[in-house]
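Take a look at the structure below.
Computed from heavy atoms alone, side chains included, the values below leave out hydrogens, waters and symmetry copies. Order of the sequence lines sets the chain letters (A, B, ...), proteins ahead of strands, with each chain counted from 1.
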Protein chains: 2
Amino acid sequence: MIVKDIGKEQLIRDTAKHLFFSEGKLHATTQDIADAAGVNRTLVHYYFRSRNILFEQVVEEARLDLRNTIDSVLKAPLGFKEKLQKIISVFIDETTKYPFRELFVITETNRNKDLGTSKMNNGFIKSFMIEVKREMDAGNLKNMEPKQFIMNLFALMAYPVLASQLNKAILDIKEPEFKRLMKQRKQLIFEMLYIGN
Amino acid sequence: MIVKDIGKEQLIRDTAKHLFFSEGKLHATTQDIADAAGVNRTLVHYYFRSRNILFEQVVEEARLDLRNTIDSVLKAPLGFKEKLQKIISVFIDETTKYPFRELFVITETNRNKDLGTSKMNNGFIKSFMIEVKREMDAGNLKNMEPKQFIMNLFALMAYPVLASQLNKAILDIKEPEFKRLMKQRKQLIFEMLYIGN
DNA sequence: CTTTTGTCTAACATTTTTGTTAAACGAAAG
DNA sequence: CTTTCGTTTAACAAAAATGTTAGACAAAAG
């Protein structure tokens with residue numbers, strides 16, 4: 001992992017993120033984090049006072065990153081078709097980079113039902129849903145409730161990476177083939193959803 | 001929760017499963033489990049000797065249940081169309097009953113990469129993939145690699161429930177509406193995948 | 001040079017979770 | 001009735017994880 005020299009505080013935060021989001025070690029202890037960062041465990045407490053504070057910060061960053069990722073593409077000034085392609089592209093790139101980030105947010109959002117709710121929803125989704133409805137009326141998308149469309153979109157983008165180990169096990173495939181399949185998916189997902197031309 | 005009188009051992013196992021799979025409390029301690037089961041914590045150790053043994057048993061049961069669910073429908077002697085409908089129906093019913101079971105299996109399969117692999121894959125998926133290929137050639141399914149089709153299928157079935165809290169947050173909906181949307185999905189997923197008549 | 005300041009660490013303390021033991025209890029067998 | 005045997009529990013022990021303190025250290029300020 002690339003290490004910034006800017007400071008141990010950021011190093012610790014980044015390492016925690018790396019353990020949680022890239023390696024999927026959801027139960028990593030302060031010791032695990034310190035070891036991975038190559039610092040003394042006490043330093044974690046020096047900067048964050050408690051594991052929980054570090055934890056909260058990282059969860060919050062994850063939730064924000066996820067939300068920003070979604071927002072930044074939803075509000076892009078593009079035609080629907082191009083926007084949809086961009087959403088898929090950006091989201092899959094992000095997901096590949098941090099395969100477990102969404103799993104992490106899911107787990108934490110489940111654990112603390114109230115906390116996440118208010119911080120995720122925003123106006124962009126609503127205006128995107130209106131666009132979706134318009135495209136359905138125009139015959140470019142299969143007709144359904146826009147909310148269903150969005151759930152389908154996220155499902156197709158997120159699930160395969162999220163459950164990559166399980167998918168590999170069920171389909172009996174190894175990493176190289178899995179990588180190849182993931183590459184195909186940007187185009188594939190678009191084709192599954194967009195039936196216009 | 002309905003409690004069988006058959007014995008505390010099974011009660012403890014069931015309670016653990018309930019906490020893990022239905023409530024999503026992935027980090028429940030022996031104390032949590034004992035409290036939820038209404039038994040003394042020592043009893044957990046009396047029957048299972050260690051938390052880890054109980055844990056392994058429950059993971060194994062989950063993996064087996066998931067595999068059995070998949071197998072039982074895959075090998076059903078039905079035409080493809082009916083089989084696909086049945087797969088979706090059974091899987092969604094199961095997922096609704098144990099919303100976190102797959103999340104749990106995913107998390108654990110991630111944690112212990114080697115363990116799960118061998119125990120999940122089996123012949124039924126392979127023969128199902130052949131059926132899928134045949135239906136693609138017949139023009140009843142959009143043409144793609146069968147493995148992609150299966151990932152799409154699982155994604156559409158599993159993700160919305162798995163990430164229900166996140167979906168509710170993003171789409172700004174409450175439980176009743178979410179339930180309604182879930183009910184619609186059996187038909188919807190089928191229609192998205194099966195383009196024949 | 002010495003003082004200050006922020007960073008870092010070892011040693012210690014506390015809390016949380018897990019695991020063990022010895023004994024209590026009640027039902028069924030003798 | 002008393003013995004046996006599986007179940008259950010309280011009390012104790014150990015381990016794992018978190019949190020605190022006092023002081024070392026080095027670089028910058030005086």
query: If you measure from CD1 on B:I70 to CD1 on B:I150, what distance do you get to the nearest 0.5 Å?
result: 10.0 Å

task: Take atom CZ of B:R49 and atom C1' of C:dT21, then tell me their distance rounded to the nearest Å.
output: 16 Å

statement: B:I33 CD1 to C:dT17 P, in whole Å, measures 12 Å

query: Are B:T30 and C:dT18 close enough that a side-chain N or O sits under 4.0 Å from OP1 or OP2?
result: yes

- request: In whole angstrom, give the distance that lies between atom CD of B:Q31 and atom C1' of D:dT9.
  value: 13 Å

query: Please give, in whole Å, the distance from D:dT9 P to B:D35 CG?
result: 12 Å

query: Starting at CZ of A:F48 and ending at C1' of D:dT18, how long is that distance when rounded to a whole Å?
result: 16 Å

field: Ring centroid separation B:F100 to B:F104 under 6.0 Å
entry: no

field: Whole-Å distance separating the CG atom of A:L43 from the P atom of D:dA22
entry: 19 Å

query: With sugar-phosphate meaning primed atoms plus P, OP1 and OP2, does B:Y47 contact a base, only sugar-phosphate, or nothing at under 4.0 Å between heavy atoms?
result: sugar-phosphate

Parallel, tilted or perpendicular: rings of B:F20 and B:F55 (30°, 60°): perpendicular

field: Toward the 5' end of DNA chain C, by each residue's nearest nucleotide, A:Y46 or A:T42
entry: A:Y46

message: Output the rounded distance in Å from CZ (B:R51) to C1' (D:dA16).
response: 13 Å

- line: Closest to the side chain of A:N40, out of C:dA10, D:dT9, C:dT18, is C:dA10

- request: Whole angstrom is fine here: how far is it from NE2 in A:H45 over to C1' in C:dA13?
  value: 13 Å

- prompt: According to a strict under-4.0 Å criterion, is A:K8 in side-chain N/O contact with OP1 or OP2 of C:dT7?
  reply: no

query: Are the side chain of A:T95 and the backbone N or O of A:F91 linked by a donor-acceptor pair below 3.5 Å?
result: yes

